[in-house]
There are 2 protein chains.
Amino acid sequence: MEEKKKKAITCGQLIIHDDIIKKVEENMPKEDDLYDLAELFKVFGDSTRIKIIWALFESEMCVCDIAYLLNMTQSAISHQLRVLKAARLVRYRRSGKTVFYSLDDNHIKQIFEMGMEHIKERQ
Amino acid sequence: MEEKKKKAITCGQLIIHDDIIKKVEENMPKEDDLYDLAELFKVFGDSTRIKIIWALFESEMCVCDIAYLLNMTQSAISHQLRVLKAARLVRYRRSGKTVFYSLDDNHIKQIFEMGMEHIKERQ
DNA sequence: TTAACATATGAACAATTGTTCATATGTTAA
DNA sequence: TTAACATATGAACAATTGTTCATATGTTAA
């Protein structure tokens, strides 16, 4: 939120009051946090990943279980698990040839439920 | 979650127990809802839109105010407001030449705060 | 060791997305 | 009416993304 006024905007005159500008600047999280937050939601913004997470709400599962439940290829699931792993939303443990994935976050369920409330309100 | 077993998967043998499969099928939301949920999070999955929403937490604002606060062009903001409008996350009112946007949802703030908790835990 | 199998991953591809630029649309003051 | 201005929007473009296909990697049983 630094370096304002540098880029030209169409509207020359501001409607907004100074104290609101100040409040926004005070309450807006840092650029890095905003970026991370967007990255987190981006991960949730794909229905395959949503389904994987929703399956893992129930129990830990191996890759082929998830592929079976979601009726998708092992490769597609594996690629998406990598994304979830990178976002630190799932953890995994290897047991022989099988790799079991499970959720690694306490907030996901609440975030999903709140999202569902939004969906349901507008149906 | 219908029509399983149609697509071939690499792993022939399931590790998962039948009662877990049943639980997942019971608790997994309907395909349409999962899709809508993903669409909602997709909207949150962009830092420009996150910033717009965070600014609107403070007060209703016109397009040029938002452009000024975020140091972006009017056009970019306008395009993103259209996305937010389509997701029914913002409403607007016209006052002369100016159009004021405001938030149209009670869940957003809680969802964002929970997302932030996730971010903060892993820093 | 080797065959069998679960999983991971790189390359390719089509599809989607965010911004810019130019310009259309809507509104008001003169 | 018309000029000025706030906003909306279509086209274009580069960048990102999800899946598929082929195959590499890791593990175990024989």
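Each chain gets a letter, A, B and so on, in the order its sequence line appears, and its residues count up from 1. Computation of the quantities below employed the complete heavy-atom set of this structure, encompassing side-chain atoms and omitting hydrogens, waters and symmetry-equivalent molecules.
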Quick one: is D/dA6 close enough that its OP1 or OP2 comes under 4.0 Å of any side-chain N or O from B/Y68?
-> no
Any donor-acceptor pair under 3.5 Å linking the side chain of A/S47 with the backbone of A/I50?
-> no
How would nucleotides 24-30 of chain D be written as a contact map, 5' to 3', with B for base contact, S for sugar-phosphate-only contact and - for no contact, using protein heavy atoms under 4.0 Å?
-> --BBS--
Between B/I111 and B/I108, is any pair of side-chain heavy atoms under 4.5 Å apart?
-> no
Considering only heavy atoms and no angle criterion, is a donor-acceptor pair shorter than 3.5 Å present between the side chain of A/S75 and the base of C/dT9?
-> yes
Planes under 30° and centres closer than 5.5 Å, is that true for B/H79 with the base of C/dT19?
-> no
Who passes side chain to side chain contact (heavy atoms under 4.5 Å, CB included) against B/V43, sequence neighbours left out?
-> B/R49, B/V83, B/L84, B/A87, B/L89
Taking only residues two or more places apart in sequence, or in another chain, which ones meet A/V99 in a side chain to side chain contact (heavy atoms under 4.5 Å, CB included)?
-> A/Y92, A/R94, A/Y101
Salt bridge (charged side-chain N to carboxylate O under 4.0 Å, His left out) partners for B/R88, two or more places apart = none
Roughly how many Å is it from CD1 in A/I52 to C1' in C/dA8, rounded to a whole number?
-> 14 Å
Classify the side chain of A/Q74 and the base of C/dA6 as holding, or not holding, a donor-acceptor pair under 3.5 Å.
-> no
Looking only at heavy atoms, what is the nearest atom pair of A/V90 and A/L81, with distance?
-> CG2-O, 4.2 Å
With A/N106 via side-chain hydrogen bond (donor to acceptor under 3.5 Å, both in side chains) - residues at least two apart = none
Pair of N/O donor and acceptor under 3.5 Å linking C/dC21 base with B/T73 side chain = no
For residues 55-63 of chain A, which side-chain N or O atoms pair as donor and acceptor with protein atoms under 3.5 Å away, sequence neighbours left out?
from: A/E58; atom 1: OE1; to: B/N27; atom 2: ND2; distance (Å): 2.7
from: A/E60; atom 1: OE1; to: A/R93; atom 2: NE; distance (Å): 3.1
from: A/E60; atom 1: OE2; to: A/R93; atom 2: NE; distance (Å): 3.3
from: A/E60; atom 1: OE2; to: A/R93; atom 2: NH2; distance (Å): 2.4

Using a 4.0 Å heavy-atom cut-off across all strands, classify A/Y92 as base, sugar-phosphate, or nothing.
-> nothing
Check side chain to side chain contact (heavy atoms under 4.5 Å, CB included) between B/A86 and all other residues, then give those that pass, not counting sequence neighbours.
-> none
Which part of the nucleic acid does B/F100 contact within heavy-atom distance under 4.0 Å: base, sugar-phosphate only, or nothing?
-> nothing
Does any pair with a residue in residues 107-121 of chain A pass salt bridge (charged side-chain N to carboxylate O under 4.0 Å, His left out), and if so which ones, sequence neighbours excluded?
-> A/K120-B/D33
Given atom CD1 of A/I77 and atom C1' of C/dA8, what is their separation to the nearest angstrom?
-> 14 Å
Round to the nearest Å and state the distance from B/N71 atom CG to C/dT20 atom P.
-> 10 Å
Should B/S78 be listed as having a side-chain N or O under 4.0 Å from OP1 or OP2 of D/dT7?
-> no
From the list C/dA8, D/dA8, D/dT7, which nucleotide is the closest neighbour of the side chain of B/C64?
-> D/dT7
Might you list the N or O atoms of the protein lying below 3.5 Å from N or O atoms in nucleotides 15-18 of chain C, with each pair's distance?
from: C/dG18; atom 1: OP1; to: B/R49; atom 2: NH1; distance (Å): 3.1
from: C/dG18; atom 1: OP1; to: B/R49; atom 2: NH2; distance (Å): 2.7
from: C/dG18; atom 1: OP2; to: B/R49; atom 2: NH1; distance (Å): 3.3

When rounded to whole Å, the CZ to C1' distance for the pair B/R82 and C/dT19 reads 13 Å
In dot-bracket, 5' to 3', how would DNA chain C read with Watson-Crick or G-U wobble pairs under 3.5 Å, [ ] for crossing ones and | for pairs to another strand?
-> ||||||||||||||||||||||||||||||
Residues in side-chain hydrogen bond (donor to acceptor under 3.5 Å, both in side chains) with B/R91, at least two apart?
-> B/S102, B/D104
Pair listing, salt bridge (charged side-chain N to carboxylate O under 4.0 Å, His left out) test, anchored in residues 34-47 of chain A, at least two apart | A/E39-A/K42
With a 4.0 Å cut-off on heavy atoms, is B/T98 in touch with a base, just the backbone sugar-phosphate, or nothing at all?
-> sugar-phosphate
